[in-house]
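Heads up: the structure comes next, in structure tokens.
Being a predicted model, the structure only gives us computed values, none of them experimental.
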Amino acid sequence: MTKITPFLWFNNNAEEAIKFYASVFKNSKIVSIDRYPNEEDLEGPMKGFGGKVLNGEFELDGQKFMAIDGGPVWEFSGATSFVVNCKDQQEVDYYWGKLSAVPEAERCGWCKDKFGVTWQIIPKQLGELMSDSDSEKVKRVTRAMLQMKKIVVADLESAYKEK
């Protein structure tokens with residue numbers, strides 16, 4: 001059993017989000033979807049949720065997640081994000097193309113998807129370049145990264161090699 005599981009609250013499109021995420025990430029699956037009772041059995045603020053996701057469990061590349069349709073009570077914030085560690089530019093481009101849906105939210109490898117969830121699409125090369133013992137190289141890489149929306153490995157490497 002996983003000790004900590006991210007739980008995502010959607011207004012009313014949790015099932016669409018679960019299916020979308022499972023299609024984006026390899027080695028992913030929908031484990032279960034429990035639904036609200038029929039509409040005639042619901043009262044108060046849950047009226048209108050008949051058949052929607054009460055509790056959805058899914059895995060994205062082995063990481064367990066849960067989701068709910070809970071109505072417009074909570075909103076996603078960029079203060080919480082999910083880091084996608086990428087092996088190369090090809091993976092960065094793939095995930096960026098699938099997940100980035102709000103251009104004005106793009107910055108330094110961070111993007112927001114069509115559901116409002118924030119992701120960090122980070123190539124392993126960024127960490128490698130940022131951990132160099134030469135502080136001038138690290139400063140150049142940092143400056144380059146801070147100018148980017150989607151991280152471009154070749155541009156980071158160019159900044160690293162500058163004299």
Check: Val53 main-chain N/O paired with Asp69 side-chain donor or acceptor under 3.5 Å: yes
Co-membership, hydrophobic cluster, residues Leu99 and Trp96, 4.5 Å side-chain: yes
N/O donor-acceptor pair under 3.5 Å between Ser131 side chain and Glu128 backbone: yes
Residues, nucleotides or ligands: over 12 heavy atoms within 6.0 Å of Glu40 CD: yes
Residues, nucleotides or ligands: over 12 heavy atoms within 6.0 Å of Glu104 CD: yes
Shortest non-hydrogen contact from Ala159 toward Arg140: O-NE, 2.8 Å
Side-chain donor-acceptor pairs under 3.5 Å in residues 24-33, sequence neighbours left out?
| from | atom 1 | to | atom 2 | distance (Å) |
| --- | --- | --- | --- | --- |
| Asn27 | ND2 | Asp61 | OD1 | 3.3 |
| Ser28 | OG | Phe25 | O | 2.7 |
| Ser28 | OG | Lys26 | O | 3.2 |
| Ser28 | OG | Glu59 | O | 3.4 |
| Ser28 | OG | Asp61 | N | 3.0 |

Distance (rounded to the nearest 0.5 Å) between Lys124 NZ and Asp88 CG: 8.0 Å
Nearest non-hydrogen partners of Glu106 and Cys111, listed with the distance: CG-CB, 4.4 Å
Residues forming a side chain to side chain donor-acceptor pair (under 3.5 Å) with Arg107, sequence neighbours excluded: none
For the student: nearest non-hydrogen atoms of Gln63 and Ile4, plus distance: NE2-O, 4.2 Å
Which residues share a side chain to side chain donor-acceptor pair (under 3.5 Å) with Tyr95, sequence neighbours left out: none
Evaluation steps, side chain to side chain contact (heavy atoms under 4.5 Å, CB included), between Lys52 and Arg35: CA-CA 5 Å; Lys52 294 280 188 183; Arg35 299 184 183 283; over 6 Å; no
Sequence neighbours left out, cut at 3.5 Å: what donor-acceptor pairs do the side chains of residues 142-156 make with other protein atoms?
| from | atom 1 | to | atom 2 | distance (Å) |
| --- | --- | --- | --- | --- |
| Thr142 | OG1 | Val138 | O | 2.8 |
| Lys150 | NZ | Asp93 | OD1 | 2.9 |

For Trp110, the rest of its hydrophobic cluster, which grows through side-chain links under 4.5 angstrom: none
Contacts of type ring pair (Phe, Tyr, Trp, His ring centres under 6.0 Å), residue Phe76, not counting sequence neighbours: Phe10
Ring pair (Phe, Tyr, Trp, His ring centres under 6.0 Å) involving Tyr21 - partner list, sequence neighbours excluded: Phe115, Trp119
For Asp132, all residues meeting salt bridge (Lys or Arg N to Asp or Glu O under 4.0 Å), sequence neighbours excluded: none
Co-members of the apolar cluster containing Met46 [side chain, <4.5 Å]: Phe7, Trp9, Tyr36, Leu42, Phe49, Leu54, Met66, Ile68, Val73, Trp74
Of all pairs that satisfy ring-ring contact (aromatic ring centres under 6.0 Å, His included), the ones with a partner from residues 129-163, not counting sequence neighbours: none
Lys19/Glu15 under salt bridge (Lys or Arg N to Asp or Glu O under 4.0 Å): CA gap, chis, key distance, verdict: CA-CA 6 Å; Lys19 288 178 178 177; Glu15 186 166 7; 3.4 Å; yes
Ser158: partners by side chain to side chain donor-acceptor pair (under 3.5 Å), with sequence neighbours left out: none
Co-membership, hydrophobic cluster, residues Val141 and Val83, 4.5 Å side-chain: yes
Charged tip of Lys114 within 45° of Phe20 ring normal and under 6.0 Å: yes
Closest approach of Tyr94 to Ser23 (non-hydrogen atoms, all atoms of both residues): OH-O, 4.0 Å
Test applied, side-chain contact (heavy atoms from CB on, under 4.5 Å); reference residue, Phe82; option that passes from Asp113, Val117, Ile121, Leu60: Val117
Contacts of Thr118 that satisfy side chain to side chain donor-acceptor pair (under 3.5 Å) - sequence neighbours left out: none
Linked, directly or transitively: Leu126 and Val84 (ILVMFWY side chains, under 4.5 Å): no
